[in-house]
Amino acid sequence: MNLKLEENNGNTLVQVREERLDANNAELLKQELSRLFEEGKKRIVVDLKDVRFIDSSGLGALVSGFKNASSRQGVLKLSGLQSQVKSMFELTRLHRVFDIYANADEALESF
Amino acid sequence: MNNQIDIQIKVPNQTRYLSLIGNIGEDLASHLQEYEGDREALAYHLNLVLTEAMVNAIRHANANDPQEEVVIRITISDKELVMLVFDHGQGFDIGSIAEPACPDTELIEEHGRGLFIMRSLMDSVEYRKVDGGNVLKMRKKL
């Protein structure tokens, strides 16, 4: 899975550089987020601007990251949702759970 | 004029083929000449429900066995689109999968959204036993 990690003033930006976030690669994102929280990272932004397609497994990986963050007094935010990806968050009501920003810069500045 | 399309495709029971099947569903939306709704949304939805149905077959019915296979059949007529996803496994009880009647109560669950998504985007979703396995049938009126 193509993930790009950047550190920014103590915040971690995870860019998902895949067109699809689905059952074929979601587990890898889940593991990576879990690893980052175990390393002690507290503030993570997952940027989805390259993701055109997300399925229930992709949503599940992000929910896993969100729960992981919450249980460690950390925060996980999302940015860059394309319109159809955003519609999946709305269908499943997950847009009420996540803090979602237009782009990664806005998400990072919000910390 | 006959606008009937009938596609059958067989792939190994592996998630690496999800994009292949999903993209076929997405491309089909551009061939639905009579469809008057939002074609771009329909394309995405067909990609999504085929992906979800495949994952159900791969993980739950065929128990992740990479030697197994999944057969997908898509039939399109003027009025209706039917997608069948066949597995050769033990299957699962679709009734045992709780319907998230109000997704808010399930918000924070990691799993269990696949069937909800299929039911939300299609007009009907059924799962039943057939010779040698099971079939998940999704229908959408056009």
Side-chain angles (χ1 to χ4, degrees), chain A residues 1-2 16-31 33-34 37 46 48 50-72 74-76 78 81-100, chain B residues 11-27 29 38-60 62 64 66 70 97 99-122:
Chain A
M1 183 178 209
N2 191 346
V16 181
R17 295 189 155 180
E18 298 279 348
E19 190 191 335
R20 287 174 66 100
L21 180 55
D22 65 12
N24 191 46
N25 56 15
E27 183 64 25
L28 297 169
L29 175 62
K30 178 180 161 180
Q31 288 170 7
L33 292 174
S34 177
F37 285 118
V46 178
L48 298 173
D50 293 337
V51 176
R52 196 183 67 82
F53 178 92
I54 192 164
D55 73 352
S56 63
S57 300
L59 293 171
L62 295 169
V63 167
S64 166
F66 179 86
K67 290 168 81 170
N68 216 327
S70 301
S71 69
R72 295 167 191 265
V75 182
L76 183 139
L78 303 179
L81 275 61
Q82 295 189 25
S83 63
Q84 298 289 4
V85 170
K86 194 175 174 195
S87 72
M88 285 305 105
F89 279 80
E90 289 164 354
L91 177 68
T92 56
R93 311 279 206 276
L94 286 170
H95 64 303
R96 296 183 190 171
V97 172
F98 290 96
D99 278 341
I100 299 172
Chain B
V11 292
N13 192 59
Q14 298 165 31
T15 55
R16 58 186 291 200
Y17 296 100
L18 291 176
S19 60
L20 171 68
I21 300 304
N23 288 338
I24 290 172
E26 188 154 345
D27 285 349
D38 182 341
R39 205 174 284 255
E40 196 180 327
L42 179 70
Y44 189 89
H45 293 166
L46 296 184
N47 188 341
L48 185 59
V49 297
L50 281 168
T51 298
E52 299 290 352
M54 280 267 297
V55 174
N56 264 331
I58 292 168
R59 297 236 164 112
H60 303 304
N62 288 338
N64 281 318
V70 180
I97 300 171
E99 177 98 32
C102 173
D104 298 276
T105 60
E106 313 260 334
L107 271 182
I108 210 65
E109 290 299 320
E110 193 177 324
H111 300 287
R113 292 186 180 82
L115 192 59
F116 169 75
I117 287 172
M118 286 187 274
R119 283 174 167 154
S120 299
L121 302 179
M122 295 288 108

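Convention: sequence-line order gives letters A, B, ...; per-chain numbering from 1. Values reported hereafter were calculated over all heavy atoms of this structure, with side chains retained and with hydrogens, waters and symmetry mates removed.
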Checklist entry - Distance from A:L62 atom CG to B:E110 atom CD, nearest 0.5 Å? => result 10.0 Å

Item to check | Shortest non-hydrogen contact from B:Y44 toward A:F53 | outcome: OH-CA, 3.6 Å

Item to check | Selection residues 50-68 of chain A - residue pairs positive for salt bridge (charged side-chain N to carboxylate O under 4.0 Å, His left out), sequence neighbours left out | outcome: A:E19-A:R52, A:R52-B:E26

Next on the checklist: A side-chain contact here means heavy atoms from C-beta on lying under 4.5 Å apart; do B:S120 and A:L91 qualify?
Outcome noted: yes

Next on the checklist: To check you understand the geometry: which heavy-atom pair defines the closest contact between B:R16 and A:N24, and what is its length?
Outcome noted: N-OD1, 3.3 Å

Next on the checklist: Report which part of B:I58 has an atom under 4.5 Å of a heavy atom belonging to chain A: side chain, backbone, both, or neither.
Outcome noted: neither

Checklist entry - Say you draw a straight line from OG of A:S56 to CG of B:N56; how long is it, rounded to the nearest 0.5 Å? => result 8.0 Å

Item to check | Exercise: identify the closest heavy-atom pair between B:R59 and A:S57 | outcome: NH1-OG, 4.1 Å

Checklist entry - For atom CD of B:E40, is the number of surrounding heavy atoms from other residues, nucleotides or ligands below 6.0 Å larger than 12? => result no

Checklist entry - Taking all non-hydrogen atoms of both residues, which atom of B:T51 and which atom of A:R20 are closest, and how far apart? => result OG1-NH2, 3.0 Å

Checklist entry - What residues, two or more places apart in sequence or in another chain, satisfy side-chain contact (heavy atoms from CB on, under 4.5 Å) together with A:S34? => result A:E38, A:N68

Checklist outcome for this item: Bottom line for A:I54: the part with an atom under 4.5 Å from chain B's heavy atoms is both

Item to check | Any side-chain heavy-atom pair of A:Q84 and B:L48 under 4.5 Å | outcome: no

